[in-house]
S.K.: 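Take this structure first; my questions come after.
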Amino acid sequence: MLEFKRNGRKMSSQQFFDGIKKDMLANAEGEVERRLRTLRDPETGQPVKVTKQVRNGKATWNVEGSPKAIAEAKKIMGIS
């Protein structure tokens, strides 16, 4: 029989894998946010304005800047 532990605490396999999934998503969100926040507008050299909103457990980011800055943000997000 397998025993699942996370941070020294016993848990079910579902809790174990849900915890791993939650950590992976948090890491991915953090990396996306870090990349967006370091983005500079290619036309002005100024940082773009980035706001994050979380609703029902889903994060969305709004980026304000020139069309070129928006295009760069879309590249970061993997949107064509």
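Since we're looking at a predicted model, the values are computed, not measured.
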S.K.: For the residue pair R40 and G45, what are the closest heavy atoms and their distance?
M.R.: NH1-O, 2.9 Å

S.K.: Are I70 and I79 connected in the hydrophobic side-chain network, where two residues link if heavy atoms are under 4.5 Å apart?
M.R.: yes

S.K.: Which residues pass the side chain to side chain contact (heavy atoms under 4.5 Å, CB included) test with A73, not counting sequence neighbours?
M.R.: L36, L39, V63

S.K.: Any pair with a residue in residues 58-78 that passes ring-ring contact (aromatic ring centres under 6.0 Å, His included), sequence neighbours left out, goes on the list, sorted by first then second residue, please.
M.R.: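 The answer is none; no pair qualifies.
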
S.K.: Taking side-chain hydrogen bond (donor to acceptor under 3.5 Å, both in side chains) as the test, write out the residues that go with Q53, two or more places apart.
M.R.: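 Applying side-chain hydrogen bond (donor to acceptor under 3.5 Å, both in side chains) to Q53 gives none.
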
S.K.: Would you please name every residue forming a side-chain hydrogen bond (donor to acceptor under 3.5 Å, both in side chains) with T38, sequence neighbours left out?
M.R.: none

S.K.: Can you sort out the partners of R37 under salt bridge (Lys or Arg N to Asp or Glu O under 4.0 Å), two or more places apart, ordered by chain and number?
M.R.: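 Partners of R37 by the salt bridge (Lys or Arg N to Asp or Glu O under 4.0 Å) criterion, ordered by chain and then number, come out as E33.
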
S.K.: Please check if the number of heavy atoms outside K22 that lie under 6.0 Å from its NZ is greater than 12.
M.R.: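 No.
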
S.K.: Partners of K5 by salt bridge (Lys or Arg N to Asp or Glu O under 4.0 Å), sequence neighbours excluded?
M.R.: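 In terms of salt bridge (Lys or Arg N to Asp or Glu O under 4.0 Å), with neighbours along the sequence ignored, K5 is linked to E3.
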
S.K.: With sequence neighbours left out, write down each residue that passes side chain to side chain contact (heavy atoms under 4.5 Å, CB included) with Q46, or none if nothing qualifies.
M.R.: T44

S.K.: Might you point out which heavy atoms bring D41 and S66 nearest each other, and give the distance in Å?
M.R.: OD1-OG, 2.8 Å

S.K.: Answer yes or no: is there a side-chain heavy-atom contact under 4.5 Å between M77 and V32?
M.R.: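 A side-chain contact under 4.5 Å exists here.
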
S.K.: Please list all pairs passing the salt bridge (Lys or Arg N to Asp or Glu O under 4.0 Å) test where one or both residues lie in residues 64-73, with sequence neighbours left out.
M.R.: E72-K75

S.K.: Only counting residues at least two apart or in another chain, list the ones meeting salt bridge (Lys or Arg N to Asp or Glu O under 4.0 Å) with E31.
M.R.: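 In terms of salt bridge (Lys or Arg N to Asp or Glu O under 4.0 Å), with neighbours along the sequence ignored, E31 is linked to R34, R35.
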
S.K.: Would you confirm whether Q15, through its side chain, and S12, through its main-chain N or O, come within 3.5 Å as a donor-acceptor pair?
M.R.: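 The answer is yes, because a donor-acceptor pair under 3.5 Å joins these two groups.
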
S.K.: Does any pair with a residue in residues 10-60 pass ring-ring contact (aromatic ring centres under 6.0 Å, His included), and if so which ones, sequence neighbours excluded?
M.R.: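 Qualifying pairs: F4-F16, F4-F17.
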
